[in-house]
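The structure under discussion appears below in the form of structure tokens.
Each chain gets a letter, A, B and so on, in the order its sequence line appears, and its residues count up from 1. Being a predicted model, the structure only gives us computed values, none of them experimental.
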Protein chains: 2
Amino acid sequence: MATMQDVADRAGVSIATVSFVVNETKKVSMKTRERVTAAMAELGYHRNVVARALASQQTHIVALLYPALDHRNGPATTAFVTQAALSARARGYDLVLWPLSSEPDQMARLIAGGLVDGVVLMDVRLHDARVDALVHSQTPFSLIGRTSDAGHPFVDIDFEITLEAAVDHLCTLGHKHIALVSERLPSEPLSDLGYLVRSEDAYRASMEARGLTPFVIGCAGTTQAGREGARRVFHDAPATTAVIVINENAAFGLLSGVVGEGYSVPRDVSMISLSTSFDVGGLTDPVLTTMKVPATELAALGVDSLIDQIEEHATAPQALIPCELVIAESTAQAHDRSQIS
Amino acid sequence: MATMQDVADRAGVSIATVSFVVNETKKVSMKTRERVTAAMAELGYHRNVVARALASQQTHIVALLYPALDHRNGPATTAFVTQAALSARARGYDLVLWPLSSEPDQMARLIAGGLVDGVVLMDVRLHDARVDALVHSQTPFSLIGRTSDAGHPFVDIDFEITLEAAVDHLCTLGHKHIALVSERLPSEPLSDLGYLVRSEDAYRASMEARGLTPFVIGCAGTTQAGREGARRVFHDAPATTAVIVINENAAFGLLSGVVGEGYSVPRDVSMISLSTSFDVGGLTDPVLTTMKVPATELAALGVDSLIDQIEEHATAPQALIPCELVIAESTAQAHDRSQIS
DNA sequence: CTGAAAGCGCTTACAG
DNA sequence: CTGAAAGCGCTTACAG
């Protein structure tokens, strides 16, 4: 591997000059610049990023901290991660992946080790010790999601707009008994996840604003649990004619369970699923109406805002993006339940 | 941030000694070791990984090169990536993600920049220029998949065992007309992907060994294309009673298309899908029999073999892992087509 | 516009 | 068992 010194020797200049042309950090006369450029090309020179990092105190690496939990592994995660890496590279950064298990000192090693210039944190909780650690360490970061004290830079789904649109859509079809099947389980630590709390709050607000009675059941994010959830919905709230479901895997099971209960979708029961995959709606038969999570946009915004902070281009923004409501072609009108029983 | 010098000063030793205890690279007397350890704890010292990398010429970072193609973004990719990161960290390495677009010089920057000690390459093609570049640059690597000249370290799915098991399973149920719906399209560059070629070859071999006639159609990896694929199968090969489908998204569409053609699954037609998700079989209704891709195992093996090479522990292995056949509960027996038409 | 030189925070022969 | 010192390949004030 050719070093900067090799290039300098060949071009007959100092390594400082080579550095200036490589980084475009100072004016260099046309002639010398050309000599240097030629020398670099001849030697196939690429600057050593480790040496640069040590000298400049910037690694140009950012970390993506995400939960290494199986049940959260959807297609959206891949889309998110891919876009995060692409956005980072577009700005000259690399992306390291930090699947976060429960070991508490992992953050310390990551931050104190000096490997990264900043951190993107996924699946933020309302009270998140990781955020406190980041603030305390003065590491630049951006959050995908929000804590309850909204003083930090974040990008998040706009749950109020999203669930209002979903409820509105169902109401327009004539539904009055709209249930929410959420991943939120009181017994789980996940119950603190911001997006679960906020989606439920937004659903309740939209329902109550219309004088409708919210009905929420918690349900694990599996097909199996979704089937079981269908039974519970129609047992506990038999008047239900529409269901909004937050977890995608549960949605498949819920759909199958609703059909198993003797209802036709969408003729008897309307369903809307939060969708992490771009065409998950199309995977089911019947096709589901979905709220499409803007994973790509969230990743791009999160990474860009992080790098803006690192490079001190801008103050950290707070952005909310609604999910897009993708309406299935054949949509249920609300029916009187007596028709079908 | 405390430096090694700070620790040395506080412990009253030289930085060399601190280095020896941090890295356990030379014998240090009990007393001094304790003084150093105490000083590190008091200062909250973590060694700077960038400085270590520059001095030791090892970054302890490995790259995961994967194709940034939307259509390949399944749950398996997430599982793979997560496991790769976890396996790397278990060995003291970090994982950087390199979604690979078509720019040819990206490999050069990655390798020549000195950021990584080695590379895991996904979605290997039969003739893969990236592999040639890696060999030429003397960068340690391991392949997920194989080129046609099998002289390199790799881990891959054992397609022969996997498709033999699938064909055997269907034959045991009495099927004789078993079609393969593959993602392989002659017009696409993807047609060179090792796993597409090898799965098709293995299917043909298993069919021919039984005196059965293989029937293959290519089909894009989308729900839409899967529906269309169902039509083509029963138009071009009306005797078909069983289908093996390589792409998961296509499988959903195919299932829906087969039902749309008036057949019942699994009563009239048996289906087996290559499954990247652990419970994709359970997502459909009816439940599908699946060949479950060992994404986690492939990732762990690939990363471990790469790090073994980097640390010169072992010669690079070549490993094949079959998919597990997960048989749906209610399975089709082959029927005479005349029953249902 | 260009260069000499200090310094980033470690590792690692080499001495003792 | 421990230390002094060179060196990893850059960046960046500081001079000129």
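Take B:D156 and apply the salt bridge (charged side-chain N to carboxylate O under 4.0 Å, His left out) test, not counting sequence neighbours, and it matches B:R146. By the salt bridge (charged side-chain N to carboxylate O under 4.0 Å, His left out) test, A:D128 pairs with A:R130, sequence neighbours left out. Judged as a side chain to side chain contact (heavy atoms under 4.5 Å, CB included), and not counting sequence neighbours, the contacts of B:D9 are B:Q5. Partners of B:A319 according to the side chain to side chain contact (heavy atoms under 4.5 Å, CB included) rule, which considers only residues two or more places apart in sequence or in another chain, are B:V155, B:L301. When the salt bridge (charged side-chain N to carboxylate O under 4.0 Å, His left out) test is applied to B:E297, no partner is found at least two apart in sequence or on another chain. Contacts of B:Y93 classified as ring pair (Phe, Tyr, Trp, His ring centres under 6.0 Å), with partners at least two apart in sequence or in another chain: B:H60. For A:E42, the salt bridge (charged side-chain N to carboxylate O under 4.0 Å, His left out) partners two or more places apart in sequence, or in a different chain, are A:R10.
Evaluation of the side chain to side chain donor-acceptor pair (under 3.5 Å) test over residues 132-141 of chain A, restricted to residues two or more places apart or in two chains, returns A:S137-A:T139.
Mapping heavy-atom proximity under 4.0 Å, the span of DNA chain C touched by chain A runs 5' to 3' from C:dC1 to C:dG9.
If B:F20 and B:S56 are placed on DNA chain D by their nearest nucleotide, the residue sitting closer to the 5' end is B:F20. Both A:T17 and B:M4 lie near DNA chain C, and the one whose nearest nucleotide falls closer to the 5' end is A:T17.
Counting non-hydrogen atoms under 4.0 angstrom, B:V13 reaches the backbone sugars and phosphates but no base. A:S19 comes within 4.0 angstrom of a nucleotide base, judged by non-hydrogen atoms across all strands.
DNA chain C forms stems at C:1-3 with D:14-16, C:5-12 with D:5-12, C:14-16 with D:1-3, each a run of 3 or more consecutive Watson-Crick or G-U wobble pairs whose two key distances fall under 3.5 Å.
Within a heavy-atom distance below 4.0 Å of DNA chain C, the residues of residues 21-36 of chain B found are B:N23, B:K26.
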Would you be so kind as to tabulate the donor-acceptor pairs closer than 3.5 Å made by side chains of residues 24-31 of chain B, with sequence neighbours excluded?
from  : atom 1 : to    : atom 2 : distance (Å)
B:S29 : OG     : B:T32 : N      : 3.4
B:S29 : OG     : B:T32 : OG1    : 2.7

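By the 4.5 Å heavy-atom criterion applied to side chains, A:I144 and A:F80 are counted as neighbours.
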